[in-house]
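Below: one structure, written as structure tokens.
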Amino acid sequence: MAPPIAITPPELDSTPTLPVGPKLTTSFDDTLRFYLNGTRVVLDDIDPEITLLEYLRGIGLTGTKLGCGEGGCGACTVVVSQYNPTDKKIYHASVNACLAPLAAIDGKHVITVEGIGNVKKPHPAQERVAKGNGSQCGFCTPGIVMSLYALLRNNDKPTEHDVEEAFDGNLCRCTGYRPILDAAHTFSVRNSSGCGKSTANGGGGCCMENGNGPNGGGCCKDKKEVDGDQAIKRFTPPGFIEYKPDTELIFPPALKKHDFKPLAFGNKRKTWYRPVTLEQLLEIKSVYPDAKIIGGSTETQIEIKFKALQYPISVFVGDIAELRQYSFDGDHLEIGGNVTLTDLENICLEGIKRFGETRGQVLNAMHKQLKYFAGRQIRNVGTPAGNLVTASPISDLNPVLMASDAVLVAKTASGETKIPMAEFFKGYRKTALPSDGVLATIRVPLTQEKNEWFRAYKQAKRKDDDIAIVTAAFRLRLSDDGVVEACNLVYGGMAPMTVAAKKANAFLAGNKFAELETLEGAMNALEQDFDLSFGVPGGMASYRKSLALSFFYRFYHEVMLSLGSGEKTVDEQAVQELEREISTGKEDKEAAAAYMQETLGKSNPHVAALKQVTGEAQYTDDIPPLKNELYACLVLSTKAHAKLKSVDYSPALDIPGVVDYVDRNDMPNPQANRWGAPHFEEMFFAEDMIYTAGQPIGLILATSAARAAEGARAVKIEYEELPAIYTIEEAIEKESFFNFFREIKKGDPEEAFKNADYTFTGIARMGGQEHFYLETNAALVIPKPEDGEMEIFSSTQNPNEAQVYAAQVCGVQANKIVVKVKRMGGGFGGKETRSVQLSTILALAAQKTRRPVRCMLTREEDMLISGQRHPFLGRWKVGVNKDGKIQALDLDIFNNAGWSWDLSAAVCERAMTHSDGCYLIPNIHVRGRICKTNTMSNTAFRGFGGPQGMFIAESYMEEVADRLGMPVEKFREINFYKPEEQTHFNQPLTDWHVPLMYSQVMKEAQYDERRAEITKFNKEHKWRKRGLSIIPTKFGISFTALWFNQAGALVHIYHDGSVLVAHGGTEMGQGLHTKMTMIAAQALNIPMEDVFISETATNTVANASATAASASSDLNGYAIYNACQQLNERLQPYREKLGPKATMKEIAHAAYFDRVNLSAQGFYKTPEIGYVWGENKGKMFFYFTQGVTAAECEIDTLTGSWTCLRADIKMDVGRSINPAIDYGQIQGAFVQGLGLFTMEESLWLRNGPMAGSLFTRGPGAYKLPGFRDIPQDFRVSLLKDVEWKDLRTIQRSRGVGEPPLFMGSAVFFAIRDALKAARKQYGVEATLEADDKTDGLLRLESPATPERIRLACVDPIMERSRVKPKEGEKSFFIAI
């Protein structure tokens, strides 16, 4: 994974030549032989530079996806079945195809998602994920299915823990993970205490309790199928295919006899060697000392892709059986350097069984670190030797090996060298391994039977699959009288390499351990060992220092506890680390029972779910290559603000395979280079100035994606750097604003402040958020030979705008351009405007070359270019009376737009309209400004400013309640709007259900009882604190730009009774096509199966609005309904004539022969709306979607770790069109919101050659929630048993895509509640009834990362760890 310290790649010659030297004596074969989905494959013409993923997609197996290119998201997961020389068994390894070299698959069986099932005959894993609503956009789904498949192939009776662990290398941005886990748990066997989900076992309710289990009562897991005398505890849910392990693809018998020959293949740029003996490897290294040795390729492929490093000679060592052995000796474990980390996990467990817990402490520590070491796909191929030689300063494993005094055995052709771990690391990424040496074995000493302790610790931003912030391993040996005989405290993440704490080690040696002076002295010595500067590389100086001390503090007391020391000297509560339980979920399945119809109101799975789980669903880059097609790569600026002095494309054009380039000079006129309504100030290609790092300067076209990328890197650009602005605070200070000012004023705030009992002020601050849709922006443009026609396939939410700008840059009318969207692999607003840039530039390139042009951005490019959620800052002043009634609010809102307008004005407006939260504030004045900075242009993101406005509202509610000494739950209740009361923009609240849902959630979540329990828990626990929060939301549904609130649809009925529907909305996983299909089926009174939506295209529905604002079901649904009504009127005579049992086929036939038009165009525009800014008049939103969420969290204040124990979400979505889709949207939005408010943090580099560039540009550095970050008890329900009198939408449903996202803030505020308890313990609290800027009021910024949580604590360890900046010193990273 990418390190947290930025390194600039060295300048490299782009055309390496192979070294000329002595010849190798080994004879090498040049043919790869393997099996693919059960079929034998023989390759002798092999491109040495492509990965397994590129090979698979190149031969048409496009079910395997490219999500990140660095092994961090799991979208590319395939299974590689092989004979494992370590344990002598067949192992089915889930691996990241994006990292795996082709040299790694000789003699193995590669299984892709297409190989295990198809739509007509799916594998049980595929079927259960599909029918269990575990697939929304579907882009991550094949990888998730293959991780589950690998689990089942290796263990057909997995436990619930096995299931949760299986997905630690997979990410999903849509579902919130709960339905995937529920589907996967149907394969798990029952543990001895019954169903892990039953309420009796502390779960959220098993399938029976949730009302969806088998008929006949009881838990479905209690139904035992008898196989002889053995009860099979696995179960098959009703209506699902039974899983039969004996019907799986067999391991090909021919591979059991496969002759592993030494292989060599390549071209003049690169050669691969695959030796099969250690002797062959040592010979290669003696001839080519600079040859790159590759085990799992988990680091090397990242270096090649992201740092442009090149290794002309690469040696794959994964098939050398000698390097994959292990043995237990009397006092140590000896492991081959190339044992996989998965095997090492099992070896550790075997060793603990063999030697016992006491002697196996090192193995236990190693196993603990491995459990959270990357994801399973990485552990299946990664090796300890690779980890050691990479010499990462934050390796999880290296501190364990160093602290245990392990010895490394290096071999060369001339002999063997033993290197003690203490002497191995020589500097940042430098080791003592000889250049011609190979790390053959590692000898790990075991601990003694008594008086010796060994422990390891790790802290990261996220528990699973994350690089460490700080990692540590400690070994301690005492004499019988308690004196320290030997100790080794080793840390990663505290220096440029893994280091021992020399001063602490020296201090401890010879001292009596069980004395408080020893603890204090060691802590002082650690402070000297790790006296980090404020601007230390990697940042987080105070946090890292506190972790170094906290880990030792935890270790010290764990040893003291095992020594049986008295209560006075042992801080027992410091010992236990925060661990999660198996997560469970619960949905109210009866929510729609009162209004369910034949089709509408039913929980139908996503219409494309089965296509998605089988890999048959086609995305933009899955479209097969066309003849003569070119691949494009953008040339991006590397400076944040600069004058563009010169651009030289000639070095790129010299590269074989590079065909042409495109830049601003290819535009038909200067104005054609401008885009971004209504100001048109943004450029497709940079002109004379650079405004952000990642701004497109040009485009390179080549015959392959790799050559295009190489060409883009070769372009020489000269800049004259200028000062840059990054943060809102800098923009305010330098008055860097766009020409925009909005205000909403109601009542008389000035007078109200004078009369209020108290006036309090504060600042609310929240960072942005990367969309991280799993499918990056992609487009394919096909020019036609006539009339300037062009067909564009794009991953866009906005085909209409893609059409408009393609026409603009090509100098043709819009009627010549057709834009088509089959589906997107996620959008979330990030493909509303920013996708247009790529498709337009490609259109210009296709016109220039008259050849099809394709481009799918890499994850890094996408994150650099595409913009994020807007960071916001709110300066507030609240007037409140003693009774808790808010009298006035004065609020200044600032958002960080980045370098161009994009949609920042509308985002700011929505934040202003949502800054009241759910509270009546009679006198209010809100002002909005947009900051102009040198970051990428921020854009639409699910919620579109609404969550930011509501976050500001809930922040002032929390802080004012603290000042009043009033429970914030009560303060919220006192200030709730009542039905028909008007918002600050003068809109009455009709169908207002927030107070009702608030009381329902309080009751259902047993809020008051849990509040009492938490108070008790916090009094009894020193280092663990729990918090509870309940947060309401109201989210206005409508585009604030009036003209977007319209939609069209086209409905055709064919002779055979089938119906084709086209509408203007795009499918990005939100289930829009599913809901539209249901609306058409219900309206025409036909089965859903007879309705089909093929794609969204500008030549079927013209002038469509972007699919956004949670309004697409409302708008397109009514347009479809309108078309169906027209058809029903025309068909009514035939229905009457043919009778009620007539099929649509019969009706359509009769109508056709009577020459009745069987096509209809529908249209809908939202009525009544039209707000006028300035006048504060008119209806802003058609209605408000509402919700309430209660969340409980627990934090470990020693480290800043946290977990969400439980969340109860209740949403008012009106009469749901499809509850399953709506639950998926709610769960997914909540988890995305949880990420926004707790862990997703974007960081920019402050200094160095990459200054001003985004650092968090992939899953290695940017962390979104994973499977084990969701609430442990995740409960969702829909409001029912109420009337929606004023709701005049299709089916009386409410938009559901965006509103639940803010519910994730309940976790943030629960963390804040827990932190208040932690601070109160040390007497740090808010001063009551005073606006004191220096008191103990907790001012917590979003996101509440583990670092921010720890820094908000005030315990003595944290206080002594705080690193203050020297004059002029700034932090390493810039947090925007």
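Side-chain atoms of Asn267 come within 3.5 Å of backbone N or O of Lys270 as a donor-acceptor pair. Side-chain atoms of Trp272 come within 3.5 Å of backbone atoms of Pro48 as a donor-acceptor pair (strictly under, hydrogens ignored). Within the 3.5 Å criterion, the main-chain N or O of Ala103 finds no donor-acceptor partner in the side chain of Arg274.
Using a 4.5 Å heavy-atom cutoff, the side chains of Leu56 and Thr62 are not in contact. The shortest side-chain heavy-atom distance between Ile865 and Arg834 does not fall under the 4.5 Å cut-off. Counting heavy atoms from C-beta on, the side chains of Thr1066 and Pro799 come closer than 4.5 Å. Considering only heavy atoms from C-beta on, Cys174 comes within 4.5 Å of Phe828 through its side chain. The shortest distance between side-chain heavy atoms of Leu255 and Tyr83 does not fall below 4.5 Å. Taking the side chain as every heavy atom from C-beta outward, Met146 and Ile111 approach each other to under 4.5 Å. Within the 4.5 Å cutoff, side-chain heavy atoms of Glu127 are placed close to those of Phe240. Between Leu66 and Cys76 there is no side-chain heavy-atom pair separated by less than 4.5 Å.
Between Lys831 and Glu775 a salt bridge is recorded (basic side-chain N to carboxylate O distance below 4.0 Å). Using a cut-off of 4.0 Å between Lys/Arg side-chain N and Asp/Glu carboxylate O, Arg376 and Asp465 are scored as not salt-bridged. Of the charged side-chain nitrogens involved, none lies within less than 4.0 Å of a carboxylate oxygen, so that Arg1257 and Glu861 do not count as a salt-bridged pair. Look at Lys822 and Glu1095 and you find no salt bridge, because none of the NZ, NE, NH1 or NH2 atoms lies under 4.0 Å from a carboxylate O. Comment: Glu710 does not engage Arg713 in a salt bridge, judged by the lack of any side-chain N to carboxylate O separation of less than 4.0 angstrom. Look at Arg823 and Glu1067 and you find no salt bridge, because none of the NZ, NE, NH1 or NH2 atoms lies under 4.0 Å from a carboxylate O. Salt bridge Lys108/Asp319: present, at least one basic N to carboxylate O contact under 4.0 Å. Ion pairing between a basic and an acidic side chain is recognised when a charged N comes within 4.0 Å of a carboxylate O; Arg33 and Asp259 show no such pairing. Ion pairing between a basic and an acidic side chain is recognised when a charged N comes within 4.0 Å of a carboxylate O; Glu791 and Lys820 show such pairing. Taking 4.0 Å as the cut-off between side-chain N and carboxylate O, Arg269 and Glu49 count as a salt-bridged pair.
Looking only at atom types and distance, the side chain of Glu248 has a donor-acceptor partner in the side chain of Tyr243 under 3.5 Å away. Donor-acceptor pairing under 3.5 Å is lacking for the side chains of Asp47 and Tyr55. With 3.5 Å as the limit, one finds a donor-acceptor pair spanning the side chains of Ser1058 and Asp1056. No side-chain N or O of Thr1107 forms a donor-acceptor pair with one of Gln797 less than 3.5 Å apart. In the model, Asn380 has a side-chain atom that pairs as donor or acceptor with a side-chain atom of Thr342 under 3.5 Å. A side-chain donor-acceptor contact under 3.5 Å links Thr77 and Gln377.
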Q: Given side chain to side chain contact (heavy atoms under 4.5 Å, CB included), test Met790 with Cys810 step by step and report yes or no.
A: CA-CA 9 Å; Met790 196 170 276; Cys810 292; 3.8 Å; yes

Q: Determine, stepwise, if the pair Leu774 / Cys73 fulfils side chain to side chain contact (heavy atoms under 4.5 Å, CB included).
A: CA-CA 8 Å; Leu774 265 288; Cys73 73; 3.9 Å; yes

(Q) Set out, in order, the CA-CA distance, both residues' side-chain angles and the distance that settles side chain to side chain contact (heavy atoms under 4.5 Å, CB included) for Thr300 and Tyr311, then state yes or no. (A) CA-CA 9 Å; Thr300 310; Tyr311 300 107; 3.7 Å; yes

Q: Evaluate side chain to side chain contact (heavy atoms under 4.5 Å, CB included) for Gln612 paired with Tyr619, printing each intermediate quantity in order.
A: CA-CA 10 Å; Gln612 288 165 189; Tyr619 299 82; 3.7 Å; yes

(Q) salt bridge (Lys or Arg N to Asp or Glu O under 4.0 Å) for Glu629 and Arg854? Distances and angles first, verdict last. (A) CA-CA 7 Å; Glu629 184 176 281; Arg854 173 192 302 258; 2.6 Å; yes

Q: Let me see the working for Thr112 and Glu114 under side-chain hydrogen bond (donor to acceptor under 3.5 Å, both in side chains), right down to the final yes or no.
A: CA-CA 5 Å; Thr112 71; Glu114 296 94 340; 2.7 Å; yes

Q.
I'd like to know whether His1073 forms a ring-ring contact (aromatic ring centres under 6.0 Å, His included) with His606, so could you lay out the CA-CA distance, the side-chain angles of the two residues, the decisive distance to 0.1 Å, and finally the verdict.
A. CA-CA 8 Å; His1073 284 355; His606 195 291; 8.4 Å; no

Q) Do Tyr273 and Phe316 pass the ring-ring contact (aromatic ring centres under 6.0 Å, His included) test, and can you show the C-alpha distance, the side-chain angles, and the key distance before you say yes or no? A) CA-CA 6 Å; Tyr273 288 100; Phe316 178 71; over 10 Å; no

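Under the rule for a ring-ring contact (aromatic ring centres under 6.0 Å, His included), the partners of Tyr149 that lie at least two apart in sequence or sit in another chain are His123. His92 pairs by the ring-ring contact (aromatic ring centres under 6.0 Å, His included) definition with nothing, not counting sequence neighbours.
Because its NZ or CZ atom is not both nearer than 6.0 Å to the ring centre of Phe28 and within 45° of the ring axis, Lys261 does not count as a cation-pi partner of that residue. Both the sub-6.0 Å distance and the 45° axial angle are not jointly satisfied by Arg153 relative to the ring of Phe251. Both tests hold for Arg128 against Phe187: distance to the six-membered ring centre under 6.0 Å, angle to the ring axis within 45°.
Going from atom CG of Leu43 over to atom CG of Leu36 covers 9.5 Å, rounded to the nearest 0.5 Å. Asn798 contributes atom CG, which lies 6.5 Å from atom OG of Ser835 (distance to the nearest 0.5 angstrom). To the nearest 0.5 Å, the span separating CD on Glu860 from CG on Leu636 amounts to 9.0 Å. Remark: Ile294 CD1 to Ile304 CD1 distance equals 6.0 Å, nearest 0.5 Å. Note that CG of Asp622 and CE of Met856 are 8.0 Å apart. Values are rounded to the nearest 0.5 Å. Going from atom CG of Asn170 over to atom OG1 of Thr141 covers 10.0 Å, rounded to the nearest 0.5 Å.
Residues Ala712 and Cys633 share a closest heavy-atom pair of CB-SG, 3.7 Å. Across Leu838 and Ala779, no two heavy atoms sit closer than the pair CD2-N, 4.2 Å. Heavy-atom minimum distance, Ala846 versus Val781: CB-CG1, 3.7 Å. Across every non-hydrogen atom of Leu699 and Ala632, the tightest pair is CD1-CB, 3.7 Å. When all heavy atoms are compared, the tightest approach of Val836 to Ala802 is CG2-N, 4.0 Å. Annotation for Leu151 and Ala166: closest pair CD2-CB, 3.9 Å, computed over non-hydrogen atoms.
No more than 12 heavy-atom neighbours from other residues, nucleotides or ligands sit within 6.0 angstrom of CG on Asp45.
Classified by interplanar angle (parallel below 30°, tilted 30° to 60°, perpendicular above 60°), the ring pair His258/Phe260 is perpendicular.
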